[in-house]
Amino acid sequence: MDSVVAVLMGGNSSERSVSIASGKACAEGLSAAGYRVAQLEVYDNVAEKLLQVRPSVVFNSLHGTGGEDGIVQGLLESLGIPYTHSGVMASALAMHKVNAKHVAAAHGIPVADAIEVTASEAAAAHVMQPPYVLKPVSDGSSCGVQIIRAGDAPPVLQSETASLMVERYVAGRELTCAVMGGEALGITEIVVEGGAWYDFTAKYAVGGSTHICPAVLPLDVEEKIRRYSETAHRAIGCRGVTRSDFRYDPVTGELIWLEINTQPGMTPTSLLPEIAAHQGISFQDLVSWIVQDASLNR
């Protein structure tokens with residue numbers, strides 16, 4: 001293959017280390033599949049790096065702000081370089097957790113009550129009856145997430161101006177469903193040792209969590225998760241691969257869609273490659289499909 005695939009990784013968000021791990025794994029998989037690969041580890045010099053390499057396709061392994069919020073996608077559109085994953089509008093919408101929930105709810109997907117507040121408002125007094133979850137409106141990998149339980153004081157926050165989402169806490173099992181080309185691939189349950197929540201360490205440290213793939217669920221719940229994941233992917237306008245996260249309470253039967261990930265992690269402990277492998281899709285085949293799906297005007 002004569003074309004060069006540039007794997008973008010790094011960036012300057014809180015998820016830089018995850019992005020580098022994902023990018024290196026994808027670059028190795030693409031090289032093994034026969035592609036000519038350029039690994040571009042960037043900070044805020046994306047355009048400079050791309051103009052030096054002039055790739056035929058960009059495999060976007062950036063995570064977080066600047067990487068999956070529509071910014072780099074807009075740059076790639078301007079440069080005329082086909083790229084992977086979702087386009088400008090879908091990336092920006094999915095990254096804004098509150099707006100994404102509004103779209104999901106409008107398409108019949110069950111979501112938890114949530115509001116957007118400033119950090120100063122959240123720190124001054126409870127803006128929602130505990131228990132609730134506090135998350136940056138536009139960030140991933142559980143960065144900056146706090147669970148405020150009954151009896152807790154309002155959270156202590158470093159920034160007074162950050163935009164945050166306050167969401168009703170939903171008890172139950174942690175589930176995620178991968179979507180590839182608009183079709184649900186499968187569902188994994190994440191179990192964290194000692195009943196702790198699925199934080200950054202649980203996500204990325206080896207042994208930080210146990211993945212049950214496929215998740216053992218009642219058939220009707222499995223069908224709903226698949227249908228809601230496909231609906232969210234389509235309604236938000238996503239392309240390529242995505243992953244939707246859910247909470248399911250087997251006691252009450254409540255099933256809640258939490259968010260959609262337009263740039264799912266591709267590290268050794270990541271969920272999407274694991275789900276794909278269970279469906280007989282090797283890592284090489286997965287990254288090859290993602291590259292072959294690349295385009296402009298996504």
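We use all heavy atoms of the structure for the numbers below, so side chains are in, but hydrogens, waters and symmetry mates are not.
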Enquirer: Is the number of heavy atoms from other residues, nucleotides or ligands within 6.0 Å of CZ (R54) greater than 12?
Expert: no

Enquirer: Are any non-hydrogen side-chain atoms of L286 and L272 less than 4.5 angstrom apart?
Expert: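 Yes, at least one pair of side-chain atoms sits under 4.5 Å.
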
Enquirer: Check the pair Y169 / R247 against side-chain contact (heavy atoms from CB on, under 4.5 Å), numbers first and verdict last.
Expert: CA-CA 10 Å; Y169 176 77; R247 279 283 190 144; 4.0 Å; yes

Enquirer: Just how far is it from atom CZ of R173 to atom CG of L255, taken to the nearest 0.5 Å?
Expert: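 Answer for the CZ-CG pair, R173 versus L255, is 11.0 Å.
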
Enquirer: Pick out which of M165, H96, E121 makes a side-chain contact (heavy atoms from CB on, under 4.5 Å) with E116.
Expert: H96

Enquirer: I'd like to know if the side chain of Q263 and the backbone of E68 have a donor-acceptor N/O pair within less than 3.5 Å.
Expert: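 Not a single qualifying donor-acceptor pair exists.
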
Enquirer: Is it possible for you to say whether L75 and L296 belong to one hydrophobic cluster, with membership spreading through side-chain heavy-atom contacts below 4.5 Å?
Expert: yes

Enquirer: Using modelled atom types only, decide if a donor and an acceptor are shared between the side chain of S61 and the backbone of S19 within a distance under 3.5 Å.
Expert: no

Enquirer: Which heavy atom in P155 sits nearest to a heavy atom in I148, and how many Å separate them?
Expert: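 Shortest heavy-atom separation between P155 and I148 comes out as CB-CD1, 3.9 Å.
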
Enquirer: Among L157, V145, V127, I147, exactly one meets side-chain contact (heavy atoms from CB on, under 4.5 Å) together with L134. Which residue is that?
Expert: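 So the option named by the test is L157.
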
Enquirer: I need the E48 CD to L40 CG distance, nearest 0.5 Å.
Expert: 11.0 Å

Enquirer: Using a strict 4.0 Å threshold on nitrogen-to-oxygen distance, state whether R226 and E230 make a salt bridge.
Expert: no

Enquirer: Would you sort out whether D249 and V170 count as a side-chain contact (heavy atoms from CB on, under 4.5 Å), showing the intermediate values?
Expert: CA-CA 8 Å; D249 188 340; V170 181; 5.7 Å; no

Enquirer: Quick one: are P264 and H85 in side-chain contact, heavy atoms under 4.5 Å?
Expert: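 In contact.
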
Enquirer: Go through the structure and list residues passing salt bridge (charged side-chain N to carboxylate O under 4.0 Å, His left out) with E254, not counting sequence neighbours.
Expert: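 Residues passing salt bridge (charged side-chain N to carboxylate O under 4.0 Å, His left out) with E254: R168.
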
Enquirer: T267 versus S270: any side-chain heavy-atom pair under 4.5 Å?
Expert: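 They are in side-chain contact.
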
Enquirer: Rounded to the nearest 0.5 Å, what separates atom CE in M9 from atom CG in N60?
Expert: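 With rounding to 0.5 Å, CE (M9) is 11.0 Å from CG (N60).
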
Enquirer: Quick check on Q52: does its CD atom have over 12 non-hydrogen neighbours (other residues, nucleotides or ligands) under 6.0 Å away?
Expert: yes

Enquirer: Between Q146 and D152, is there a side-chain heavy-atom distance shorter than 4.5 Å?
Expert: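 Heavy-atom side-chain distance check fails, nothing below 4.5 Å.
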
Enquirer: Going from NE2 on H278 to CD1 on I187, what distance comes out if it is rounded to the nearest 0.5 angstrom?
Expert: 11.5 Å

Enquirer: With hydrophobic residues grouped by side-chain heavy-atom distances under 4.5 Å, do Y43 and L62 end up in a single group?
Expert: no

Enquirer: In Å, rounded to the nearest 0.5 Å, how long is the span from CD1 of I275 to CD1 of I281?
Expert: 10.5 Å

Enquirer: Any chance the rings of H107 and Y228 have centres within less than 6.0 Å?
Expert: no

Enquirer: Hydrophobic clustering (ILVMFWY, side-chain heavy atoms < 4.5 Å, transitive) - are L76 and V4 grouped together?
Expert: yes

Enquirer: Determine, using the 4.5 Å side-chain heavy-atom cutoff (strictly less than), whether V42 and I71 are members of one ILVMFWY cluster.
Expert: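 No.
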
Enquirer: Any salt bridge (Lys or Arg N to Asp or Glu O under 4.0 Å) pairs touching residues 285-294, not counting sequence neighbours?
Expert: D293-R298

Enquirer: Do L50 and P55 have side-chain heavy atoms sitting under 4.5 Å apart?
Expert: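 In contact.
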
Enquirer: Measuring only between side-chain heavy atoms, which start at C-beta, is F283 closer than 4.5 Å to C26?
Expert: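 Heavy-atom side-chain distance check passes, below 4.5 Å.
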
Enquirer: Hey, mind stepping through M266 and H63 against side-chain contact (heavy atoms from CB on, under 4.5 Å) and telling me if it holds?
Expert: CA-CA 11 Å; M266 300 286 280; H63 295 310; over 6 Å; no

Enquirer: Distance-only, no hydrogens or angles: does the S13 side chain make a donor-acceptor pair with backbone N or O of E15 under 3.5 Å?
Expert: yes

Enquirer: Which heavy-atom pair separates K101 from V111 by the least distance, and what is that distance?
Expert: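 Heavy-atom minimum between the residues: O-CG1, 4.2 Å.
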
Enquirer: Is any side-chain heavy atom of E189 closer than 4.5 Å to a side-chain heavy atom of H211?
Expert: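 No, every pair of side-chain atoms sits at 4.5 Å or beyond.
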
Enquirer: Answer yes when E167 and K97 have at least one side-chain N-carboxylate O distance shorter than 4.0 Å, and no when they do not.
Expert: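 No salt bridge links E167 with K97.
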
Enquirer: Check S244 against I260 and note the closest heavy-atom contact, atom names and distance.
Expert: OG-CG1, 3.7 Å

Enquirer: Do you know which two heavy atoms are closest between T242 and C238, and how far apart they sit?
Expert: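 Here T242 and C238 meet closest at CG2-CB, 3.6 Å.
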
Enquirer: Can you find a pair of side-chain heavy atoms, one from L271 and one from I190, that are under 4.5 Å apart?
Expert: yes

Enquirer: I'd like to know if the side chain of T188 and the backbone of T176 have a donor-acceptor N/O pair within less than 3.5 Å.
Expert: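 Side chain of T188 to backbone of T176, a donor-acceptor pair under 3.5 Å: no, none is there.
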
Enquirer: Is a donor on one side and an acceptor on the other found under 3.5 Å between the side chain of D69 and the backbone of G66?
Expert: yes

Enquirer: Distance from T84 atom OG1 to R239 atom CZ, nearest 0.5 Å?
Expert: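 Between T84 OG1 and R239 CZ, I get 11.0 Å after rounding to 0.5 Å.
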
Enquirer: Mind checking whether V88 and L8 sit in one hydrophobic cluster, side chains of I, L, V, M, F, W, Y counted as touching below 4.5 Å?
Expert: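 In one cluster: yes.
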
Enquirer: Looking at G74, is its backbone amide N or carbonyl O close enough to the side chain of E77 to form a donor-acceptor pair, meaning the two atoms are under 3.5 Å apart?
Expert: no

Enquirer: What's the shortest heavy-atom distance between A122 and L164, and which atoms?
Expert: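 For A122 and L164, the tightest heavy-atom pair comes out as CB-CD1, 4.2 Å.
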
Enquirer: Which heavy atom in V241 sits nearest to a heavy atom in M180, and how many Å separate them?
Expert: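 Heavy-atom minimum between the residues: CG1-CG, 4.0 Å.
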
Enquirer: Quick one: ring-ring contact (aromatic ring centres under 6.0 Å, His included) partners of Y83, sequence neighbours excluded?
Expert: none

Enquirer: Test salt bridge (Lys or Arg N to Asp or Glu O under 4.0 Å) on D245 and R243; report intermediate values, then the result.
Expert: CA-CA 7 Å; D245 297 335; R243 218 191 63 236; 3.2 Å; yes

